[in-house]
Amino acid sequence: MSPVAKCMLVATAMALGVGSASASTSASKHPDTATYDRLVDAVVARYDLPGIVVGVIDHGKVVYKRAIGKLPSGQPINADSLFEIGSNTKAMTVTLLARLVQQGKVQWDAPVTDYLPNFRMYDPWVTKNMEVGDLLAHHSGLPLGGGDLMLWPTPNHFTPEDVVHGLRYIKPAYSFRSGYAYDNTLYIVAGQVAATVGGAPYGKLLRREVFEPLGMKRCRIGTWSRSKVGNVARPHVMRNGKSILLPTHGDIVHPATMDAAGGVRCSLNAMLKWVKNWLMPTPDQLAWLSPELRRSEWQIYTPMPISERRHEWDGTLFLGNGHGWRISDVDGQMTVWHTGTLAGMYSSVMLLPFQDSGFVFMINTNAPDARTVLTEVLTKQFTAPDKARTVASYADELARAAAARPESHAPDTSARHSVSPAEMQAKLGVWRDPWFGKVRICPHDGKVRFASKMSPMLTGEVMRLGKRYMVHWAHGDADAWLKFPAGDDGILRMHKIDPNADFSYDYDDLHFTRLHGCQ
């Protein structure tokens, strides 16, 4: 890292109460390839992962690369295989905006409405005072995952413009800039700001301003062909103890509404270039993105709660959200990191700036515990190798904690049964939510079907469990309770049956009113 960048980083760390002295303690110990192989193999075996790629950088040098698994074609996964990186896209979106700030086309502290006049939040005061930087800090007041049903499941018919318009209808969960709640939709707004001031679609701008200057040739966003690009890892999910390959939706990948929040696909080799740019930027890279703008991404804007587990495992004293990154201390050392989560694809990026070290890995299945454990054991190699525990030790602890939380499991809905259109006659019809749009709750083949106009994947059978109605989705998404209006407000509400289902199923933010019958 250049002296200028290092000095700015040190200033940031000092403000956070973290020094670099501890870095020299662990820096003298360099794990060998066999150590990394042992850790990766143990995680793959414990969680039966179909595929994974892992890369480690130690003091500015790539010291380890590993690829495990096969593509659907039977060819082995390798360091050039494309994986979906999920929310690790967010740091790239921020960097795109930072490039535009450096070019004088946008300002962090300018109101969003200066660039998107039609932008509105629920509260007019928040609309007026929300700045571009606020879009990136997860302190807007939106509820956790607010508006995510405009992004997922995919494919759907929502557009980024729909997201900008829909946010005005989502009620806040807390006061503006007074708390933390992760959101994706404001990153879509950020992508729209970039497109407006950059004069090109988000995908084209990201390729031009980020991928090409950094030589990230094996990254894709926007429109591209799976067959022409080749070597594309496919997502899996675990069902009944088996890894199931998820279907694709055609050869051509089209721009998606969620692109600016989680739409990038990259190879391991490309992600290592991305990581090296942050750890050991070249003079050309420092000209491409200045030390000041790099530092702005790693400044804490929103404090985040520290879990008991993080405190016990890592001795963490501070944790905060920057712009597209999270910043925390692990064993007394500063770390900058983020994760990515999509259906069937998980990723992790970890930077230890004072050691010019870090790692990245991508997994092609739903594997939250695998990601947690692998991140922990790899991080410990840099922060406290003498305190490192085994993969089994961490995994067993997570398993025990899950078993001790019966409330973490969804209620048993196996006794649900179909309902007839006659039974639901008074409830049938076309209903509308102001941001999610219209849904039909209407007869279909002698049963009752719930079908969303804008999100076709959210189609399922309306069923009954005891005295409650629910919708059982056809595509395996998180089932939902349906609470039909009993009073005068005439509002149909929805709630997750499994309270621990992914927060992107933000059914609680939906408020449907009945428009007319099913004719």
Side-chain angles (χ1 to χ4, degrees), residues 87-142 146-148 150-151 158-170 172 176-177 181-211 213 221-222 255-264 288-290 292-294 296-299 301-302 321-325 338 435:
S87 287
N88 274 304
T89 299
K90 289 181 171 66
M92 297 179 182
T93 297
V94 173
T95 300
L96 168 59
L97 276 171
R99 285 279 297 150
L100 297 171
V101 169
Q102 185 162 292
Q103 296 164 17
K105 296 179 179 179
V106 66
Q107 296 179 342
W108 293 128
D109 58 357
V112 175
T113 51
D114 282 3
Y115 309 104
L116 300 176
N118 292 328
F119 171 77
R120 298 286 185 276
M121 296 294 283
Y122 189 85
D123 185 328
W125 188 91
V126 175
T127 299
K128 180 179 179 180
N129 288 276
M130 182 168 287
E131 300 172 353
V132 173
D134 291 314
L135 299 173
L136 314 171
H138 301 303
H139 61 202
S140 67
L142 282 174
D148 273 4
M150 290 185 281
L151 310 182
F158 287 101
T159 66
E161 291 79 9
D162 290 328
V163 174
V164 173
H165 180 79
L167 287 170
R168 68 194 64 194
Y169 301 111
I170 301 179
F176 182 43
R177 296 179 184 155
Y182 194 83
D183 75 78
N184 290 293
T185 45
L186 289 179
Y187 271 79
I188 309 307
V189 178
Q192 288 299 96
V193 170
T196 298
V197 303
Y202 168 83
K204 183 176 181 179
L205 283 174
L206 192 65
R207 293 191 297 270
R208 185 185 78 197
E209 299 292 337
V210 178
F211 295 166
I221 191 70
T257 307
M258 63 92 167
D259 276 355
V264 168
W288 167 76
L289 190 67
S290 71
E292 179 182 4
L293 285 168
R294 290 168 181 267
S296 72
E297 295 194 29
W298 291 0
Q299 178 177 328
Y301 298 94
T302 311
N321 193 83
H323 282 170
W325 299 95
H338 211 283
W435 61 268

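Predicted model only: the values in this text are computed from it and were never measured. Counting from 1, the numbers follow the sequence of the chain as shown.
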Under a 4.5 Å cut-off applied to non-hydrogen side-chain atoms, are Met130 and Met121 in contact? yes

Please check if any side-chain donor atom of Thr159 sits under 3.5 Å from a side-chain acceptor atom of Glu161, or the reverse. yes

Test side-chain contact (heavy atoms from CB on, under 4.5 Å) on Leu186 and Leu167 and set out the steps. CA-CA 9 Å; Leu186 289 179; Leu167 287 170; 3.7 Å; yes

If you measure from NZ on Lys204 to CD on Glu209, what distance do you get to the nearest 0.5 Å? 11.5 Å

Looking at every heavy atom in both Ala98 and Leu289, which two are closest together, and how far apart are they? CB-CD1, 3.7 Å

May I ask you to test the Tyr202-Leu96 pair for a side-chain heavy-atom distance under 4.5 Å? yes

Side chains of Gln107 and Asp114: does their closest heavy-atom pair fall under 4.5 Å? no

Could you check whether any side-chain heavy atom of Asp183 comes within less than 4.5 Å of a side-chain heavy atom of Ser140, counting everything from C-beta outward? yes

Do Asp109 and Val132 come close enough that some side-chain heavy atom pair is under 4.5 Å? no

Nearest heavy atoms of Ala260 and Gly191, plus distance in Å: CB-CA, 4.0 Å

Looking only at heavy atoms, the pair that brings Ile170 and Tyr122 closest together is O-CB, 3.4 Å

Under 3.5 Å donor-acceptor, Lys105 side chain and Val197 backbone: no

Report yes if some heavy atom in the side chain of Met92 is under 4.5 Å from a heavy atom in the side chain of Phe211; otherwise report no. yes

On a heavy-atom basis, the closest approach of Ala194 and Leu205 is O-CD1, 3.2 Å

Using only heavy-atom distances, determine whether the side chains of Asn118 and His165 contain a donor-acceptor pair under 3.5 Å. no

Nearest 0.5 angstrom please: Thr93 OG1 to Leu136 CG, how far? 8.5 Å

Between His323 and Tyr301 (judged by ring centroids, cut-off 6.0 Å), do the two rings come close enough to count as a pair? yes

side-chain contact (heavy atoms from CB on, under 4.5 Å), that's the test. Do Trp108 and Leu97 meet it? Break it down for me. CA-CA 9 Å; Trp108 293 128; Leu97 276 171; 3.8 Å; yes

Give me the atom names and distance for the closest heavy-atom approach of Pro160 to Thr257. N-CG2, 3.7 Å

Rounded to the nearest 0.5 Å, what separates atom CE in Met150 from atom CG in Asn184? 11.0 Å

Are the side chain of Ser87 and the backbone N or O of Gly262 linked by a donor-acceptor pair below 3.5 Å? no

First locate atom CD1 of Ile188, then atom CD of Gln192, and finally report the distance between them rounded to the nearest 0.5 Å. 8.5 Å

Are Phe176 and Asp134 packed together at the side-chain level, in the sense that at least one heavy-atom pair is separated by less than 4.5 angstrom? yes

Can any side-chain N or O of Thr89 pair as donor or acceptor with the backbone N or O of Val264 at less than 3.5 Å? yes

Euclidean distance, Leu142 CG relative to Asp148 CG, rounded to 0.5 Å: 9.5 Å

Could you grab the distance from atom CZ of Arg120 to atom OG1 of Thr113, nearest 0.5 Å is fine? 7.5 Å

I'd like to check the side-chain hydrogen bond (donor to acceptor under 3.5 Å, both in side chains) partners of Asn88; sequence neighbours left out, ordered by chain and number. Ser347

Results of ring pair (Phe, Tyr, Trp, His ring centres under 6.0 Å) for Tyr187 - residues two or more places apart only: His138

Under the side-chain contact (heavy atoms from CB on, under 4.5 Å) rule, what do Leu151 and Phe158 come out as? Steps first, then yes or no, please. CA-CA 7 Å; Leu151 310 182; Phe158 287 101; over 6 Å; no

Determine whether Val112 and Glu131 make a side-chain contact, defined as any pair of heavy atoms from C-beta on separated by less than 4.5 Å. no

Return the minimal non-hydrogen interatomic distance between Trp288 and Val210, and the atom names on each side. CZ2-CA, 4.0 Å

